[in-house]
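Okay, here's the structure, questions in a sec.
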Amino acid sequence: MNPENEPQEEPRRAAFATKKGEIVIRPHEYDGIQEYDQKLPNWWLLTFFGAILFYLAYWLVYYQAGWIKTDTEKVTAAITDIQNQKKKALEETLATLDDQTLVQEWANNPEIVASGQQIYSTVCIGCHGPDLDAPLKLGLSLVDGEWKYGNRPMDIFKLINEGSPADSTGMAPTGAKMVPWGATYSPKQIAEMVAFIISKNPDDFKEFQN
Ligand code: HEC
């Protein structure tokens with residue numbers, strides 16, 4: 001190559017500028033703005049292509065291969081796990097629980113009744129009152145001898161655990177319903193509350209005493 005001819009042979013573009021350490025400006029100009037004609041520095045290109053490669057690897061690992069679990073999947077799995085444990089606990093408790101057991105064993109055990117009372121005093125008391133007679137009419141009275149959803153201990157357990165039935169119109173005149181407390185309390189805790197309620201209504205559950 002003839003060195004004298006070099007500028008003519010090689011167009012004065014990006015590679016030329018880099019080689020010569022010169023700044024070349026492209027011929028166009030818009031609104032007084034001109035454009036450099038240079039190769040981007042390697043560190044910049046590295047981050048640019050690196051980001052593309054990272055995206056591809058991330059997309060493959062997370063969304064295609066599923067090798068690493070997303071946070072949503074982890075949370076869903078943890079919730080499913082808790083729900084299964086609760087379901088198992090409910091089944092285990094229900095397997096040993098019936099009307100007679102609740103009345104004869106649970107409601108006659110002062111420790112169980114005290115535990116039930118303790119939970120009652122933290123949440124239920126707000127609507128059903130300290131004497132269970134619902135003075136503010138925010139819930140039904142639990143000492144009036146009337147059991148709207150069945151007068152067997154297991155009916156009461158079910159109501160507290162699952163809340164008002166789906167087709168219930170709730171309590172007049174507001175239509176207020178019972179929350180499914182099974183979402184908050186374990187089956188054992190609900191049985192303790194039933195024992196407490198039974199202990200306050202000895203006459204209502206006489207028939208299950210033997
Ligand atoms: C926010 C108010 C509220 C709270 C708190 C509440 N309840 Fe109720 N409860 C109600 C309402 C309203 C009803 C009537 C539901 C219906 O008619 O469908 C009811 C009904 C009941 C009944 C049926 C009573 C009957 O006469 O048939 C029982 C048993 C009961 N609740 C127990 C509990 C227990 C135990 C707790 C605490 C874990 C509790 N409730 C907390 C509002 C409440």
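Starting from 1, each residue takes its place in the sequence as its number. We count ligands from 1, going down the list as the structure has it; atoms in each ligand are counted the same way.
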Using the benzene-type ring in the case of Trp, are the ring centres of W106 and F157 under 6.0 Å apart? no
Any N or O of H128 that comes nearer than 3.5 Å to an N or O of ligand 1? yes
With side chain to side chain contact (heavy atoms under 4.5 Å, CB included) as the test, pick out the partner of K74 among T76, D71, T72. D71
Which ligand 1 atoms, with their elements, are less than 4.0 angstrom from a heavy-atom of A176? 12 (C), 15 (C), 16 (C)
Among M193, M178, E192, which residue places a heavy atom closest to atom 19 (C) of ligand 1? M178
Only heavy atoms of L142, strictly under 4.0 Å: list the atoms of ligand 1 that pass. 22 (C), 24 (C), 28 (C), 29 (C), 30 (C)
Can you confirm whether K86 is buried at NZ, in the sense that more than 12 heavy atoms of other residues, nucleotides or ligands lie under 6.0 Å from that atom? yes
Any chance the side chains of Y149 and S168 put a donor and an acceptor closer than 3.5 Å? yes
Say whether Y120, considering both its backbone and side-chain N or O atoms, lies within less than 3.5 Å of an N or O atom on ligand 1. no
Heavy atoms only: give me the nearest P202-S199 pair and the separation to one decimal. CD-O, 3.7 Å
Under 4.0 Å from a heavy atom of L159: give me the atoms of ligand 1 that qualify, with their elements. 21 (C), 22 (C), 23 (C), 28 (C)
Short N/O distance, under 3.5 Å, between S164 and ligand 1? yes
Under 3.5 Å, N or O to N or O, is E146 touching ligand 1 that way? yes
To atom 2 (C) of ligand 1, the nearest of G170, C127, G175, P165 on a heavy-atom basis is C127
Distance-only N or O hit between ligand 1 and K177, under 3.5 Å: no
Which of parallel (below 30°), tilted (30 to 60°) and perpendicular (above 60°) describes W44 and F48? parallel
Does Q209, at its CD atom, have more than 12 non-hydrogen atoms belonging to other residues, nucleotides or ligands within less than 6.0 Å? yes
Heavy-atom gap S168 to ligand 1 smaller than 4.0 Å: yes
Please evaluate residues I197 and W147 with respect to the criterion side-chain contact (heavy atoms from CB on, under 4.5 Å), reporting the C-alpha separation (whole Å), side-chain torsions for both, the decisive distance (0.1 Å), and the verdict. CA-CA 12 Å; I197 294 171; W147 301 99; 3.5 Å; yes
Measuring from atom CD of E111 to atom CD of E192, what distance do you get when rounded to the nearest 0.5 angstrom? 10.0 Å
Against heavy atoms of S141, which atoms of ligand 1 measure under 4.0 Å? 26 (O)
Under 4.0 Å from a heavy atom of L138: which atoms of ligand 1 are those, numbered in the order shown and with their elements? 12 (C), 42 (C)
Just going by heavy-atom distances, which of V123, I190, D144 is nearest to atom 5 (C) of ligand 1? V123
Relative to the heavy atoms of I156, which atoms of ligand 1 are at a distance of less than 4.0 Å? 29 (C)
Are any of the side-chain nitrogens in K158 or D155 under 4.0 Å away from the carboxylate oxygens of its partner? no
Selection from A172, C124, G139 by shortest heavy-atom distance to atom 11 (C) of ligand 1: G139
